[in-house]
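Atoms considered below: every heavy atom in the structure, side chains included; atoms not considered: hydrogens, waters and symmetry mates.
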Amino acid sequence: MPHRFARASLVALLVTLGFTVPPPASAATAAAAATSCYDGAVTVHYGEVRDFGPYRTTSRCTDINMRVTGGDADYVVACVTFEKTGVCNYWTKVRRSWTTIATDVLDGTRFTVPNGVDLEGSSATIQIAF
């Protein structure tokens, strides 16, 4: 409780002195960050190659994200293989909305996304944002 009181007192003092206090990050700010992340997405076709990539993460996104954008498959299953370890991080079911397949990835990290699951005749166009 003392921390909240001290912060409220500091804000009141700053406002009295004519300083403005910026509002906390809004949903609009978060949406704008997501939009800029997704603007750099690459489009690939599931099954054309063994692995998508290699790619190198950028400062646009904190995470590696993926979504299905076309084809007749309801979903794909994906993981991220980082060049440094050569190991798949974990398998994630990815549908038509953006899904995080790796979190808090450092900028400049090289990775691939393996085609690990046979779609049994189905097709899928996907996007990967990093």
Side-chain angles (χ1 to χ4, degrees):
M1 255 347 227
H3 177 68
R4 285 186 186 175
F5 179 74
R7 183 170 185 220
S9 297
L10 179 59
V11 169
L13 174 64
L14 291 173
V15 170
T16 303
L17 294 173
F19 291 95
T20 58
V21 179
S26 66
T29 304
T35 299
S36 67
C37 171
Y38 302 148
D39 284 344
V42 296
T43 300
V44 292
H45 301 284
Y46 207 83
E48 286 184 353
V49 294
R50 185 173 179 276
D51 295 329
F52 300 128
Y55 303 115
R56 186 176 300 274
T57 57
T58 66
S59 59
R60 268 192 322 271
C61 303
T62 303
D63 304 326
I64 300 172
N65 306 282
M66 187 170 155
R67 71 176 176 172
V68 177
T69 60
D72 56 7
D74 292 329
Y75 65 90
V76 297
V77 180
C79 77
V80 174
T81 300
F82 295 103
E83 183 179 81
K84 187 174 182 177
T85 63
V87 177
C88 178
N89 62 344
Y90 50 85
W91 290 96
T92 304
K93 186 182 281 189
V94 178
R95 295 184 184 272
R96 301 216 176 235
S97 60
W98 286 109
T99 303
T100 301
I101 60 174
T103 58
D104 298 324
V105 184
L106 296 174
D107 293 350
T109 302
R110 286 179 51 93
F111 70 96
T112 58
V113 178
N115 279 312
V117 177
D118 182 9
L119 294 178
E120 298 180 15
S122 295
S123 64
T125 301
I126 63 173
Q127 286 187 309
I128 306 170
F130 47 91

Considering all heavy atoms of both residues, which atom of [X] and which atom of [Y] are nearest to each other, and what is their separation?
X      : Y      : result
Val76  : Val68  : CG2-CG2, 4.1 Å
Phe130 : Thr58  : O-OG1, 2.7 Å
Thr81  : Pro114 : OG1-CG, 3.6 Å
Arg110 : Pro54  : NH2-CG, 3.4 Å
Asp107 : Cys61  : OD1-O, 4.3 Å
Met66  : Ala78  : SD-CB, 3.6 Å

So, does [X] use its side chain to make a donor-acceptor pair with the main chain of [Y] at under 3.5 Å?
X      : Y      : value
Asn89  : Phe82  : no
Thr57  : Leu106 : yes
Thr62  : Asp104 : no
Ser122 : Asp72  : no

So do the side chains of [X] and [Y] get within less than 4.5 Å of each other, counting heavy atoms only?
X      : Y     : result
Phe52  : Val42 : no
Phe111 : Ile64 : yes
Ile126 : Val94 : no

Interatomic spacing from CZ in Arg67 to CZ in Arg96 - rounded to 0.5 Å: 10.0 Å

Please report the interatomic distance CD1(Ile101) to OH(Tyr90), rounded to the nearest 0.5 Å. 8.0 Å

Kindly assign one of parallel, tilted or perpendicular to the pair Trp98 and Tyr38, based on the angle between their ring planes and the thresholds 30° and 60°. parallel

Suppose the criterion is ring pair (Phe, Tyr, Trp, His ring centres under 6.0 Å): which pairs have a residue in residues 56-79, not counting sequence neighbours? none

Are side-chain N/O atoms of Thr100 and Asn65 paired as donor and acceptor at under 3.5 Å?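 On atom types as modelled, these side chains qualify, holding a pair under 3.5 Å.
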
Knowing that exactly one of Val113, Ile128, Thr125 qualifies, which makes a side-chain contact (heavy atoms from CB on, under 4.5 Å) with Val44? Ile128

